[in-house]
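Quick notes on the structure that follows.
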Amino acid sequence: MEKSQIKVITGNAAAAIAAKLARPDVVAAYPITPQTEIIEQISKFHANEEMDCELITVEGENSAMNAVMAASLAGGRVFTATSSWGLAFMYDAVLATAGARAPVVMVNVNRETPGIIAVSSGQQDMISTRDCGWIFLIAEDCQEVLDMVLQAYRLAEDYDIQVPVMVHYDGFYLSYLSEGVDVPFQEDVDKFLAVLKDQPERTKLTPGEKLGCGSHGILGGYLELRHKHVSAMERSKEKFKQIDKEFEDIFGRSYGGLIEEYRMDDADVVLVGSGSMCGTIKTVIDTKRDAGVKVGLLKMRMYRPFPSEAMVKALKGKKAIGVVDRSLCFGFKGGPIYTELKAFETKLNGSKMISFIDGIANTDITTANVGQMIDTTCDLAAGKDVREVTWVSYPEAQEDGGL
Amino acid sequence: MSEVRFHGRGGQGVVTTSKILANAFARTGQFGASFPMFGFERRGAPVTAFGRFSDKPVREKTQIYNPDIIVVLDPSQRNSEAVFQGLLPGGMMLLNDPDNTVTFSNDNLKKLAIIDANKIALEEIGLAIPNTVIVGAFARMSGLLDIEPCCEALEDYFSGKKLAANIVCAKRGFDEVELFDL
Amino acid sequence: MSPNKFFKHEGPWSDANDPLMCSDTGDWRSKRPVVDKDKCIFCGFCAIYCPIQVMEMVENSYFSPDLAFCKGCGICAKECPKDAISMEPEGDFKK
Amino acid sequence: MTEKKKGKLTKVLDHLKHEDPFSKGVAFCPGCGLELLIRLIPRILGNDIVITGTPSCSAPVLLGQNNQSWHKLSYFGTLMTGAAANATGLARYYRKAGIDNTVVCFNGDGTAADIGFGNLSGAAERNEPFIYICYDNEGYMNTGIQKSGTTPFGATTTTTPFGSASKGKNLRRMSLALKMAMHKIPYAATATLSDLDDLAKKLLKAKEAKKRGFAFLHILAPCTTGWGFAPENTIEVCRRAVKTNYFPLWEAENGKIRMTKTVKKPKPISNYTQLSKKFAHLNEADLQILQDDVDYEYCMLGGLSQLEAECQLPVSAED
């Protein structure tokens with residue numbers, strides 16, 4: 001273990017350590033369950049001079065995002081973290097940050113959204129903000145949380161990208177899960193991030209420099225900036241793949257870029273998932289494989305931009321695909337990732353698709369649930385008549401003929 | 001892989017017990033994952049935590065429904081149904097209890113370990129927080145760990161005099177736990 | 001890459017190193033300030049209170065508005081302690 | 001050419017040391033108090049300030065259009081909800097990077113008193129190192145004259161119209177500046193456009209104070225369009241606001257509250273209200289309610305300003 005050290009830490013601690021290793025200039029944050037431990041850890045690092053940053057303990061999430069957005073546009077590297085209602089409370093500033101192309105890196109610890117009070121896991125907060133113009137990444141375990149935050153800085157601050165990045169991971173599942181994490185040494189992280197210093201300087205807000213940010217977009221100006229933004233998001237796909245490769249060169253770990261394919265090569269049926277459920281799915285896949293079922297997993301690491309090309313390439317020609325969503329797409333019967341993947345159905349050469357809704361509000365995506373999803377997807381592959389949408393932990397849903 | 005469920009009440013260090021064990025496993029080159037049952041935690045309320053310990057990477061992220069081992073830090077919960085729920089055949093139970101004569105009639109329970117962890121903790125650290133004693137006792141009962149990595153793991157959670165006292169707790173837990181085959 | 005037709009930068013940045021935008025606000029005026037040089041005591045109140053800051057010092061002896069931008073609000077006339085400025089209908093100056 | 005110097009140049013001109021960074025022709029209404037204020041700030045503080053702005057009357061001029069700008073200042077334009085947090089982020093980054101800076105967070109009363117008050121209060125509590133200026137035109141003027149927290153009793157706006165069950169705004173205005181002074185910040189003050197020497201000195205004091213933390217200025221900037229007074233009366237409205245104690249001029253330096261202008265014989269409030277149409281419907285009884293409110297605020301302020309000399313903050317918690 002020359003390059004790192006194994007520490008048994010929570011996902012939240014992994015995020016905080018990643019933030020520390022990235023040496024941000026400004027951190028602003030406000031506590032919210034299940035993210036709180038991140039800013040407690042950062043406050044501790046700051047108090048012990050292990051972290052040389054301006055720490056702004058703001059009076060609400062809206063200010064957290066506004067502060068880091070401005071600091072980012074002034075030229076700083078920034079970090080913040082939130083969850084659920086916190087993300088909702090900073091929504092206007094989240095939009096503004098994207099529109100201003102401020103390369104903010106934020107961790108969002110996924111949690112169900114307000115209305116029905118639920119201090120519990122779910123990706124609904126992520127889905128509720130998915131079209132805000134940020135790049136969305138999703139981590140599976142504590143190690144990936146740490147690694148992904150570092151990769152996020154490379155992506156957000158890349159001169160060709162300059163789009164804010166949100167790193168998502170499942171609250172409660174990863175936030176409080178302690179497991180062994182290979183914590184990189186500072187010098188290696190510095191090396192990994194050094195590339196950002198060698199590129200052209202991005203436009204900065206500097207006293208006396210006669211530049212201003214927040215100009216009105218009029219005539220075609222608004223369209224031009226939006227098109228630039230969308231183009232940068234498209235470029236970010238290839239860039240993220242490269243970054244993941246460079247990450248491997250330095251740290252010896254890689255994740256496959258935009259998507260991770262698990263036992264996909266000869267798979268007939270595939271589950272598409274994201275986040276912490278993927279670990280459980282992999283375990284069940286191994287068991288099913290032992291029983292002769294040719295099943296694989298496509299794990300989404302990047303959710304915005306939607307990695308459609310990579311997904312189509314990996315899924316093309318598979319007999320059946322079950323998409324597991326930990327959130328809802330109100331107004332559509334199927335889950336959000338399912339409905340989006342549906343747009344590429346004609347490119348999949350006849351693969352059939354179904355939607356599974358599970359893991360909402362801490363309903364556990366158990367090994368049994370995953371087994372059921374695989375069985376149902378196999379039934380679909382075999383030409384049996386199966387429901388388009390299954391609420392796995394809520395069989396009562398099947399009483400509703402409409403769904 | 002061993003799947004372990006910890007039962008106690010807020011303030012006993014239930015979650016920390018599970019974390020220290022995961023840490024100790026990592027120090028032996030094995031793998032451990034520890035996490036609390038989801039919900040509110042507050043002093044005095046029942047607390048459940050989980051641990052998965054293995055010589056291979058632990059990938060599952062679900063709660064544990066069928067434990068191999070149950071650890072009860074709060075004696076008053078020893079007879080609650082929740083404690084034995086889902087216990088697999090051949091199961092083990094580690095109990096913090098001043099009474100080493102308690103018996104259980106559960107078909108799946110094959111090994112019982114009892115230690116008066118509160119007494120040891122009071123003697124060594126002056127507080128009735130049994131968790132580090134339990135860590136040592138767990139190593140002995142399960143046979144999955146030596147005491148040394150457990151003591152080393154404590155360095156991530158304590159320092160100075162507290163560390164020294166808690167190391168003594170763990171060692172006494174390892175040495176003084178009583179094992180019963182059922 | 002998208003063209004930089006409206007914006008030079010990736011984001012919504014404006015750049016004042018280029019010429020500033022400027023409107024012909026003088027056209028807004030319906031009355032214009034006319035300074036009586038003899039009455040003017042060169043105190044500068046018209047200059048400090050002019051919202052557009054277009055009252056210019058002339059020969060260190062009196063102030064005169066830049067009519068290209070004066071919107072004709074009349075503050076200078078109102079604030080002049082010597083009533084040296086009168087607001088006169090713009091029509092009178094048209095040929 | 002005759003050399004004639006009949007009067008003495010106002011000393012206010014001495015404060016205007018810097019170039020006016022704004023384009024001469026900008027889209028503020030004739031007689032706009034805000035236009036005068038926004039031009040004076042960089043003339044007094046320098047052109048190297050970084051100014052933040054939000055959707056408001058200042059936005060059409062403060063923020064550019066596409067690549068073009070109306071002025072030469074560095075600016076950051078975003079949202080009313082988080083203006084003080086934007087300024088915080090800028091000031092903190094500059095401090096971290098060792099960049100000499102004066103960040104001026106420039107907002108209307110809608111942002112300062114209403115939707116952005118939470119983060120204004122938060123920034124003050126954290127003693128963030130920048131200057132916050134509220135230009136108060138007593139309502140949402142840019143969106144067509146709606147009421148705000150600083151709209152006074154009796155004023156009509158489009159959301160507090162005069163009617164059979166309404167006297168205009170039926171509620172009293174908040175005391176924004178006093179509220180901010182209670183945050184124990186190094187500097188808080190009120191100012192207005194009739195007393196420009198006082199205003200300039202306070203701006204310079206704020207610039208000095210922001211080295212120690214948060215500086216707050218509450219500046220009455222009447223709106224000819226929204227209040228319904230003749231454009232030439234902008235300065236006169238300010239003057240009467242001071243002379244009736246409607247808008248007293250004071251400062252709190254390190255917590256020590258002091259009147260910077262004492263009005264010996266304050267005029268009745270009608271002397272102030274008579275200039276603006278927004279008060280035109282008020283009868284004597286209504287005016288008395290407004291008068292009572294003004295008297296109450298002034299009485300409170302008077303008491304605070306007469307506290308013992310030693311009643312002031314320790315110079316700074318951070319020093």
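Reminder, nothing fancy here: chain letters follow the sequence lines and each chain counts from 1. All figures in this text were calculated on a predicted structure; none of them were measured in a lab.
- Between D:L193 atom CG and C:I48 atom CD1 the span is 10.5 Å, to the nearest 0.5 Å.
- Of the atoms belonging to C:P19, it is backbone heavy atoms, and not side-chain ones, that fall under 4.5 Å from chain D.
- Side-chain contact between C:D18 and D:Q68 is absent, with no heavy-atom pair separated by less than 4.5 Å.
- The backbone N or O of C:Q53 lies less than 3.5 Å from a partner atom in the side chain of D:K24, making a donor-acceptor pair.
- If you measure heavy-atom distances from D:L73 to chain C, you find no contacts under 4.5 Å at all.
- Counting heavy atoms from C-beta on, the side chains of D:W70 and C:S14 never come closer than 4.5 Å.
- Your options are C:S23, C:P12, C:G74, and the one with the most heavy-atom pairs under 4.5 Å with chain D is C:S23.
- A donor atom on one side chain and an acceptor atom on the other are not found under 3.5 Å apart for C:Y49 and D:T234.
- In terms of heavy atoms, D:V26 sits closest to C:T25 at O-CG2, 3.7 Å.
- The OG atom of D:S69 lies 6.0 Å from the CG atom of C:L20; values are rounded to the nearest 0.5 Å.
- For D:K243, the NZ atom sits in a loose shell: 12 or fewer heavy atoms of surrounding residues, nucleotides or ligands are nearer than 6.0 Å.
- Side-chain contact check for C:F6 versus D:N67: every heavy-atom pair is 4.5 Å or farther apart.
- Taking CG of C:N60 as the start and CG of D:L9 as the end, the distance is 8.0 Å to the nearest 0.5 Å.
- If you measure heavy-atom distances from D:L34 to chain C, you find no contacts under 4.5 Å at all.
- There is no contact between D:F76 and chain C, counting heavy-atom distances below 4.5 Å.
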Can C:K31 and D:E232 be said to form a salt bridge (charged side-chain N to carboxylate O under 4.0 Å, His left out), step by step?
CA-CA 11 Å; C:K31 285 183 181 176; D:E232 70 262 25; over 6 Å; no

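- The contact between C:W28 and chain D is made entirely by side chain atoms (from C-beta outward), counting heavy-atom distances below 4.5 Å.
- Residue C:F45 holds its CZ atom at 9.5 Å from CG of D:L13, rounded to the nearest 0.5 Å.
- In this structure the side chain of D:F28 never reaches within 4.5 angstrom of the side chain of C:P51, judged on heavy atoms.
- In this structure, no portion of C:C76 lies under 4.5 Å from any heavy atom of chain D.
- Here the side chains of D:R39 and C:I52 are in contact, with some heavy-atom distance below 4.5 Å.
- For C:M87, no part sits under 4.5 Å from any heavy atom of chain D, backbone or side chain.
- In this structure, chain C has no heavy atom under 4.5 Å from any part of D:H15.
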